[in-house]
Amino acid sequence: MGFSAKMVAKAIEDNGEENTDSILETLLTLSALENSPPKQQHVDTDDSFSDYEGSFLDDFSDLDSDYENEATAKPVSDADNKMTFLVDMGYSEDEAYAAIERCGVHSSIAELTDFISAAQISKAADVLLGDLPDRPKPKNLNGCSKLNKRRHYDYDAWKKKKPRCFEDDEDETIRLPNPMIGFGVPNELCLTVHRKIPEAAMGPPYFYYENVALAPKGVWNTISRFLYDVEPEFVDSKYFCAAARKRGYVHNLPIHSRFPLLPLPPHTVHEALPLTRKWWPSWDTRTQLNCLQTCIGSARLTDRIRKALEDYDGIRDPPLHVQKFVVEQCRKWNLVWVGKNKVAPLEPDEVEMLLGFPKNHTRGGGISRTDRYKSLGNSFQVDTVAYHLSVLKDMFPGGINLLSLFSGIGGAEVALHRLGIPLKNVVSVDISEVNRNIVRSWWEQTNQKGTLIDLADVQELDADRLQYYMNLFGGFDLVVGGSPCNNLTGSNRYTRDGLEGKESILFYDYFRILDLVKCIATKTE
DNA sequence: TTCAGTATGAAGGTCAGA
DNA sequence: TCTGACCTTCATACTGAA
């Protein structure tokens with residue numbers, strides 16, 4: 001492919017012989033740099049590349065001594081370097097500037113290019129939907145609607161705002177609140193919250209995005225920036241049920257006049273699982289469970305715990321080191337006491353109950369026990385989501401048109417149904433056939449009067465298809481989605497790669513689709 | 001080949017004490 | 001304010017039985 005021997009040697013040294021993908025990526029990047037015009041090459045060689053945290057540029061910041069020498073001669077900012085690099089990749093200066101402004105100067109090149117791609121896709125839809133003549137167009141881009149100010153916030157806002165001069169945004173990292181009660185939860189004292197939603201975020205449609213709160217650093221900054229600078233609301237579902245579930249929600253819903261689902265679910269393990277009370281030792285001080293995940297504790301583990309306790313049967317309490325071991329494992333795997341010296345993982349129907357789903361919601365129809373745990377572990381906590389969505393009840397007394405992305409086992413649908421909000425038309429998208437079957441089955445069992453359309457892949461939802469559904473239904477009132485967290489959650493020991501991870505990168509499809517819906521809605525106003 | 005069961009840390013937060 | 005101990009986490013890869 002025309003790479004120099006030095007370049008190949010450097011790439012192998014940096015990535016190892018086995019990692020062919022990384023080697024190829026490094027070679028392509030190096031090649032792009034080498035083929036840059038002289039002016040840009042000069043800028044690119046600045047050693048401030050080494051400051052690109054998370055950027056693949058790190059890998060070759062010390063590539064060539066010439067680069068290092070030049071670095072001292074001409075100090076250039078990170079932002080300038082990234083601008084130049086993006087321009088070298090073929091993007092316009094406007095696009096590069098907007099991406100850096102919106103994503104932050106410390107965003108990786110991958111994040112910046114994702115942003116630009118998403119914006120380009122959204123602009124392409126404009127072309128399909130009809131261009132309007134009187135709006136200044138960013139260089140190298142096709143038409144952008146002047147009418148559609150909100151939709152093009154990402155490109156327009158940076159022109160209006162006072163330039164931030166690419167200041168260091170390290171201090172702007174979103175912090176998780178303590179207590180994690182968002183803009184308020186039932187029965188918890190909370191100062192009156194006022195929030196101003198950015199103009200670009202205002203509906204229609206309303207949107208509601210969810211993901212794990214404890215994501216790698218910077219992820220929520222990126223999510224918030226893409227979703228029109230709306231401040232995330234971090235809520236732990238332990239304020240709604242007997243199990244913790246720390247999640248971030250970005251939405252443009254009103255936050256006053258919320259109300260909880262009734263009856264209120266039990267808040268402690270003993271209330272939720274009364275049969276465990278009899279066997280629960282005093283030295284296990286848990287009153288609530290940790291996050292309900294996709295895997296459960298093994299039979300071998302519960303057997304080890306039983307044997308460890310049986311060794312001290314004649315004694316009132318086991319020694320402290322045994323207590324510590326047992327409680328540690330119980331916390332880790334959410335084990336509950338089901339007999340003398342006997343702990344066990346939760347049954348799937350118990351998980352359904354804790355998450356606010358109807359009993360047997362995930363049972364039957366060829367679904368294995370393992371799949372039930374997986375689907376449930378990936379779902380919403382219905383009471384929490386319903387509390388946020390409750391403000392829609394008075395707004396849509398005649399029913400709601402819902403676009404549900406990454407809908408899983410239908411947490412949003414169940415929440416709206418339990419709130420008594422009729423589901424007029426629902427387009428539900430989920431890659432898992434198992435999950436689609438669960439939602440379809442629930443839809444039929446609950447005698448829904450509306451229309452359910454289920455799709456497999458969010459990437460199939462293009463402008464044409466969205467336009468078709470919106471014409472058919474008269475638009476969507478609400479766009480809900482919790483994109484995959486696989487690459488964000490701390491439970492993932494192997495591929496916790498952040499928003500650029502194989503699955504979690506689908507967040508950008510949520511943004512793309514939401515932006516398209518806003519665009520089409522504005523056009524048809 | 002499929003599928004259920006099992007073993008496998010690290011990142012990033014909280015919190016008490018100096 | 002800093003430090004260090006402690007706690008929690010929408011999971012993935014491997015193994016063996018069917």
Side-chain angles (χ1 to χ4, degrees), chain A residues 53-54 173-180 209-221 223 234-238 240-241 243-249 284-286 288-305 324-325 327-335 344-346 348 351-352 354-357 362 366-382 384-385 405-412 430-432 434-435 480-499 501-504 506-507 510:
Chain A
E53 288 179 13
T173 300
I174 292 173
R175 307 277 301 181
L176 299 179
N178 186 17
M180 199 179 280
Y209 175 80
E210 179 257 17
N211 216 317
V212 290
L214 284 79
K217 282 181 178 174
V219 164
W220 277 105
N221 288 69
I223 290 173
F234 294 101
V235 182
D236 189 339
S237 292
K238 72 179 184 180
F240 290 85
C241 68
R245 201 167 192 81
K246 298 178 180 67
R247 297 289 181 269
Y249 305 88
D284 182 351
T285 57
R286 292 176 299 156
Q288 289 192 301
L289 296 166
N290 282 330
C291 184
L292 305 170
Q293 304 205 50
T294 56
C295 298
I296 60 168
S298 66
R300 282 189 194 176
L301 173 64
T302 57
D303 196 44
R304 277 203 298 272
I305 290 172
K324 188 181 173 191
F325 162 71
V327 172
E328 193 177 285
Q329 295 303 314
C330 286
R331 286 181 187 276
K332 187 173 180 179
W333 292 105
N334 265 335
L335 304 174
L346 295 168
V351 180
E352 285 170 347
L354 288 165
L355 290 175
F357 288 94
T362 59
I367 298 162
S368 72
R369 191 179 159 87
T370 307
D371 280 341
R372 291 182 74 188
Y373 283 118
K374 188 175 178 184
S375 294
L376 285 161
N378 282 312
S379 75
F380 288 169
Q381 204 287 327
V382 171
T384 311
V385 172
L405 306 173
F406 314 103
S407 49
I409 57 174
D430 198 273
I431 197 73
S432 160
V434 165
N435 287 344
V480 176
S483 60
C485 66
N486 310 33
N487 309 115
L488 307 181
T489 172
S491 303
N492 187 342
R493 303 176 184 189
Y494 300 94
T495 54
R496 197 184 186 192
D497 302 327
L499 272 184
K502 189 179 166 190
E503 278 86 21
S504 295
L506 289 171
F507 159 73
Y510 177 84

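Just so we're on the same page: letters track the sequence lines, and every chain starts at 1. These numbers were taken from a predicted model, which means no experiment stands behind them.
Within 4.0 Å (heavy atoms only), A:Arg331 reaches sugar-phosphate atoms of the nucleic acid but no base atom. If you check every strand for non-hydrogen atoms under 4.0 Å, A:Gly482 touches a base. Backbone-only contact: A:Lys246 has heavy atoms under 4.0 Å from sugar-phosphate atoms and none from a base. At a threshold of 4.0 angstrom between heavy atoms, the contacts of A:Ser375 with the nucleic acid are absent. A:Glu328 comes within 4.0 angstrom of nothing in the nucleic acid, heavy atoms only.
In this structure, A:Trp333 places its CH2 atom 11 Å from P of B:dT8, rounding to the nearest Å. Taking atom CH2 on A:Trp220 and atom C1' on B:dG12, their separation rounds to 16 Å, with Å as the unit. In this structure, A:Asp303 atom CG and B:dA7 atom P are separated by 11 Å, rounded to whole Å. Computed from coordinates, the A:Ile296 CD1 to B:dA4 P distance equals 12 Å when rounded to whole Å. In this structure, A:Asn221 atom CG and B:dG12 atom P are separated by 13 Å, rounded to whole Å. In this entry the distance linking CD of A:Gln329 with P of B:dG9 reads 13 Å, nearest Å.
Base-pairing analysis of DNA chain B finds the following stems of at least three consecutive Watson-Crick or G-U pairs, with both pairing distances under 3.5 Å: B:1-8 with C:11-18, B:10-18 with C:1-9.
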Practice item. Evaluate the side chain to side chain contact (heavy atoms under 4.5 Å, CB included) criterion for residues A:Val480 and A:Ser407: first the C-alpha distance (whole Å), next the side-chain angles of each, then the deciding distance (0.1 Å), finally the verdict. Key: CA-CA 8 Å; A:Val480 176; A:Ser407 49; over 6 Å; no

Could you go through residues 289-299 of chain A and list every donor-acceptor pair under 3.5 Å that involves a side-chain atom there, pairing it with any protein atom two or more places apart or in another chain?
residue  : atom : partner  : partner atom : Å
A:Asn290 : ND2  : A:Arg331 : O            : 3.1
A:Gln293 : OE1  : A:Ser491 : OG           : 2.6
A:Ser298 : OG   : A:Leu301 : N            : 3.2

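Classified by interplanar angle (parallel below 30°, tilted 30° to 60°, perpendicular above 60°), the ring pair A:Tyr209/A:Tyr510 is tilted.
Taking every nucleotide of DNA chain C with any atom under 4.0 Å from a non-hydrogen atom of chain A, the first and last of them, 5' to 3', are C:dT8 to C:dA13.
Here the shortest heavy-atom pairing between A:Thr302 and A:Ala344 reads CG2-CA, 4.2 Å.
Remark: side-chain polar atoms of A:Ser504 are paired, donor with acceptor, to backbone N or O of A:Pro484 under 3.5 angstrom. A distance-only check finds a donor-acceptor pair linking the side chain of A:Asp430 to the backbone of A:Gly408 [under 3.5 Å]. A distance-only check finds a donor-acceptor pair linking the side chain of A:Ser368 to the backbone of A:Asp371 [under 3.5 Å]. Looking at A:Asn487, its side chain never comes within 3.5 Å of a backbone N or O of A:Arg496 through a donor-acceptor pair.
Spacing of P atoms, B:dA7 relative to C:dC10, comes out at 22 Å, to the nearest Å.
How far CZ of A:Phe380 is from CZ of A:Arg247: 10.0 Å, rounded to the nearest 0.5 Å. Atom CG of A:Leu335 and atom CZ of A:Arg286 lie 7.0 Å apart (nearest 0.5 Å). Taking CD1 from A:Ile409 and CD from A:Glu352, the interatomic distance works out to 7.0 Å, rounded to the nearest 0.5 Å.
Side chain to side chain, A:Thr495 and A:Asn492 meet the donor-acceptor criterion of an N or O pair below 3.5 Å. Under 3.5 Å, the side chains of A:Arg372 and A:Thr362 contain a donor-acceptor pair of N or O atoms.
A:Tyr249 is listed as a side-chain neighbour of A:Val385, based on a closest heavy-atom distance under 4.5 Å.
Applying the salt bridge (Lys or Arg N to Asp or Glu O under 4.0 Å) test to every pair with at least one member in residues 291-301 of chain A, sequence neighbours left out, gives no pairs at all.
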Could you go over nucleotides 13-16 of chain B and give all protein N or O partners under 3.5 Å, atom names and distances?
residue : atom : partner  : partner atom : Å
B:dC15  : OP2  : A:Asn178 : ND2          : 2.8

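Contacts between residues 484-494 of chain A and DNA chain C, defined by a heavy-atom separation below 4.0 Å, involve A:Cys485, A:Asn486, A:Thr489, A:Gly490, A:Ser491, A:Asn492, A:Tyr494, listed by number.
Both A:Cys295 and A:Arg496 lie close to DNA chain B; mapped to their nearest nucleotides by heavy-atom distance, the more 5′-ward contact belongs to A:Cys295. Mapping A:Pro216 and A:Leu301 onto DNA chain B by nearest heavy atom places A:Leu301 closer to the 5' end of the strand.
Using a 4.0 Å cut-off, no side-chain N or O of A:Arg304 falls inside it from OP1 or OP2 of B:dT6.
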